[in-house]
Amino acid sequence: MARTISVKRARSIDKEPYLKGLNVEQSATVLSPFSPLMVIAGAGSGKTKTLTARVAHMMQQGIPASAIMLLTFTNRAAANMIQRVEKQVGPESRRIQGGTFHSIAYRYLRQHATKLGYPERFTVLDRDDAESFMKSIIAEVSAQKSAHKMPRAKAMLKLMSYAINTHTHLNEVVLERAPQYLAVSEILAEICSLYIQRKIDRGFMDFDDLLINWFRLLDDSDTHSEMTRNVKAVLVDEYQDTNVLQAQIVDALVSKHRNITIVGDDAQSIYGFRGADVRNMLFFADRYPECATQTLTTNYRSSPEILSLANVTLENARYGFKKELRATRDAGEVPALVPCADSGIQASFIAQHILTLHQEEGVDFDDIAILYRAHAHSIDIQVELAREGIPFVVRSGLRFFEQAHIKDVLAFLRIVENPRDEISLARLARLSEGVGEVTASRFATYFRGALDHVQVQEKGGRRIRCVDALHNEDFQREIAALRARARKGLEKINRILEVLDRVSQSEKPSKCIDVVTAKEGFDYLSLLERKFDNPKDRKADIEQLADYAEGYESLTEFLNDLSLTQTAGVSAKDSGDEESSAVTLSTVHQAKGLEWRAVFIPALVEGMFPSEMALREGKAEEDERRLFYVAATRAEETLIMSYPQVKHLRDGTRVMTHPSRFIEEARDEDILDIWSLNIEDVELDGAENRLEGSGVARPTLMR
DNA sequence: CCCTGGGCTGTTTTT
DNA sequence: CAGCCCAGGG
């Protein structure tokens with residue numbers, strides 16, 4: 001029988017709890033706005049408040065807004081902070097340079113990329129693009145070399161990226177993280193250098209390149225002074241998640257005036273897998289001995305019971321600044337631990353308990369979140385939420401711009417923008433019937449060859465355009481020589497590219513999308529019907545994309561914003577009611593910096609959270625621990641953790657699970673309330689008809 | 001050379 | 001359970 005927990009809840013929520021902690025703002029303003037400051041801020045201790053107060057203070061002390069650079073983890077975070085500053089000191093603050101490392105790097109590189117041998121209009125490769133590019137290189141190289149087992153493109157990129165972001169030699173990374181490839185390490189190095197070379201040639205920059213190239217420009221004394229002339233103060237949020245390269249960029253930015261403010265929580269460093277290194281923060285004071293240090297451990301967010309759990313988790317951590325979070329809220333509920341028979345029961349429990357919270361305690365759906373370790377853990381829950389008619393938003397999984405149909409449309413625009421983009425060329429070719437991988441790559445090669453020819457002919461400064469290839473006689477001859485089936489399709493693509501090239505000269509990006517979708521254009525919408533099984537949804541997506549494009553004048557801005565804006569990938573499914581309060585589903589990683597009244601953490605089982613994969617990677621237990629800490633400290637009042645006691649394997653057998661070590665540690669301390677479920681079997685009443693397709697939300701575009 | 005279907009594998013987190 | 005590899009027919 002379920003143990004009944006009666007809950008008394010303060011109905012009125014302090015809208016601005018941080019105001020109580022005036023000392024937070026004081027700390028930011030008492031200290032000189034011209035000298036280094038490190039703020040070690042625990043979860044929920046008013047980090048954002050501190051940063052905004054300091055920025056406002058800097059402006060009041062005469063540093064112009066345009067000379068302040070605010071580096072954050074997401075572009076949204078920067079925008080929010082700038083808005084807050086605006087409230088304090090006025091519209092001038094809109095001139096603050098704010099955003100992620102990558103987006104700010106991009107802004108600088110737009111002006112200076114040619115100095116690095118890049119074409120003026122380069123293309124930003126997202127993860128997906130980088131992967132297909134790498135895949136083709138690996139295929140090419142391993143066709144020449146012996147048939148050793150080679151890493152997948154994804155794995156290869158991961159190794160490379162890790163090497164770059166931690167300044168480690170590739171061989172060392174291979175030795176440490178993928179010893180199975182030691183035998184082919186020479187081939188890997190070759191792939192690596194081919195990849196690097198070709199990126200420059202094609203005008204591609206991947207996410208790592210944005211950072212490397214920014215650093216390179218800063219490292220050169222001529223460009224350094226040009227690029228830092230207008231930077232008088234640098235503030236970095238979430239500093240614990242910077243990698244070596246990012247720390248070096250920051251150091252280079254402030255090398256003249258040393259006016260740097262960093263804010264972070266070493267206990268929330270969760271991006272080790274990406275090369276993030278807490279030591280940047282732990283040894284910050286060694287690099288800036290003149291810096292003042294502030295430690296904020298008063299927590300304004302969570303109940304004391306939730307913080308006890310967080311503190312236990314932290315105590316068991318192996319390294320970091322010692323700190324214990326002190327609560328300012330009144331006593332509330334003890335965090336709950338709910339063992340469930342299996343993940344299906346867990347999903348039912350969560351859905352039903354959300355309804356209870358909503359109906360009996362008046363908790364808004366907006367104030368509830370479900371935070372999990374990996375996207376896959378949310379599938380059961382999504383189905384169950386849909387069944388119960390609970391509106392929800394998924395902030396994880398496949399992103400809007402990563403879907404095949406969106407990429408198809410964008411591929412047209414990308415070639416017009418950068419005709420050397422062979423990833424998009426091959427992608428387009430494959431849209432035609434009778435064109436497979438082989439013909440597609442030939443098409444790209446022919447196109448490419450034609451461009452090179454033009455380049456040789458006229459060395460003038462004129463930008464290469466795709467008509468240059470289309471009008472080339474060799475290219476036309478090569479296409480004409482193809483088999484009839486493939487030729488017809490490719491000729492159509494060439495016609496469309498020609499139209500697009502012209503349209504793009506004078507019209508907005510949205511007009512270009514029209515050319516791709518319109519019946520008299522490429523007629524992509526008809527192709528969609530044949531190609532996918534849910535054409536309606538996808539058509540709607542493309543309309544949304546066109547809508548979104550309306551906001552842009554320049555194709556360049558539009559395309560690169562898309563590559564840099566990963567946030568837009570959000571999916572929602574609200575069952576009917578338009579007033580869009582919805583439960584948030586998110587990975588813990590993406591929930592960083594956010595907070596909710598009630599938080600569910602499911603799947604707290606050894607192997608899932610902490611994840612088995614991560615544990616295999618050596619010192620990652622600490623990362624997983626901090627991840628759990630981040631998850632727990634998102635909750636203000638209610639924290640409900642659960643785990644399935646049995647796991648169903650593929651072959652139908654069932655295995656007992658072990659509760660997560662983070663749970664066991666807390667259980668020993670007697671700070672959890674254990675609930676048991678009373679399971680009642682209910683006939684389904686056709687409510688499942690409400691589910692569409694798989695019952696799992698699809699990405700849509702959100703701003 | 002393209003396409004399809006069957007069998008097998010491997011499965012995290014992201015700017 | 002999706003994505004990859006391979007074999008075989010068109």
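Lettering follows sequence order; numbering is per chain, from 1.
- To the nearest angstrom, P of dT15(B) lies 20 Å from CG of Asn213(A).
- Taking atom CG on Asn243(A) and atom C1' on dT14(B), their separation rounds to 12 Å, with Å as the unit.
- Atom CG in Asp623(A) sits about 14 Å away from atom P in dT14(B), given to the nearest Å.
- Taking the side chain to side chain contact (heavy atoms under 4.5 Å, CB included) definition, one finds that Arg661(A) meets it with Glu606(A), Pro610(A), Leu615(A), Glu621(A), sequence neighbours left out.
- For Asn560(A) and dT15(B), the CG to P distance is 17 Å, given to the nearest whole Å.
- Residues that satisfy the side chain to side chain contact (heavy atoms under 4.5 Å, CB included) test with Arg152(A), not counting sequence neighbours, are absent from this structure.
- By the ring pair (Phe, Tyr, Trp, His ring centres under 6.0 Å) test, Phe133(A) is found to be paired with Tyr195(A), Phe204(A), residues two or more places apart in sequence or in another chain being considered.
- One can place CD of Glu238(A) at 15 Å from P of dT14(B), the figure rounded to the nearest angstrom.
- Look at CD on Glu612(A): it is 10 Å from P on dT11(B), rounded to the nearest Å.
- For the pair Phe273(A) and dT12(B), the ring geometry does not qualify as stacking, because the centroid separation below 5.5 Å and plane angle under 30° are not jointly satisfied.
- Among the atoms of the strands shown, none is found under 4.0 Å from any heavy atom of Phe101(A).
- Relative to the side chain of Arg442(A), the nucleotides dC1(B), dT13(B), dT15(B) differ in distance, and dC1(B) lies closest.
- For the OP1/OP2 pair of dT15(B) and a distance below 4.0 Å, the side-chain nitrogens and oxygens of Ser103(A) include no atom meeting the criterion.
- Electrostatic pairing of Asp129(A) and Arg427(A) does not count as a salt bridge here, judged by no charged N lying under 4.0 Å from a carboxylate O.
- Between Thr100(A) and Arg152(A), the residue anchored nearer the 5' end of DNA chain B, judged by the nucleotide with its closest heavy atom, is Arg152(A).
- When the side chain to side chain contact (heavy atoms under 4.5 Å, CB included) test is applied to His167(A), the partners found at least two apart in sequence or on another chain are Val244(A), Leu245(A), Gln248(A).
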Please enumerate all protein N or O atoms sitting under 3.5 Å from an N or O of nucleotides 2-5 of chain B, with distances to 0.1 Å.
| residue | atom | partner | partner atom | Å |
| --- | --- | --- | --- | --- |
| dC2(B) | OP1 | Gly436(A) | N | 3.0 |
| dC2(B) | OP1 | Thr439(A) | N | 3.2 |
| dC2(B) | OP1 | Thr439(A) | OG1 | 2.2 |
| dC3(B) | OP1 | Gly434(A) | N | 3.1 |

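- The interatomic distance linking Leu109(A) (CG) with dT15(B) (P) rounds to 19 Å, in whole Å.
- The nearest whole Å value for the distance from the CG atom in Leu562(A) to the P atom in dT15(B) is 15 Å.
- Note that Arg626(A) lies outside the cation-pi zone of Tyr629(A), set by a 6.0 Å cut-off to the ring centre and a 45° limit from the axis.
- Among residues two or more places apart in sequence or in another chain, the ring pair (Phe, Tyr, Trp, His ring centres under 6.0 Å) test is passed with Phe215(A) by none.
- Using a 4.0 Å cut-off, some side-chain N or O of His375(A) falls inside it from OP1 or OP2 of dT14(B).
- Of the listed nucleotides (dT12(B), dT15(B), dT13(B)), dT13(B) has the atom at the smallest distance from the side chain of His589(A).
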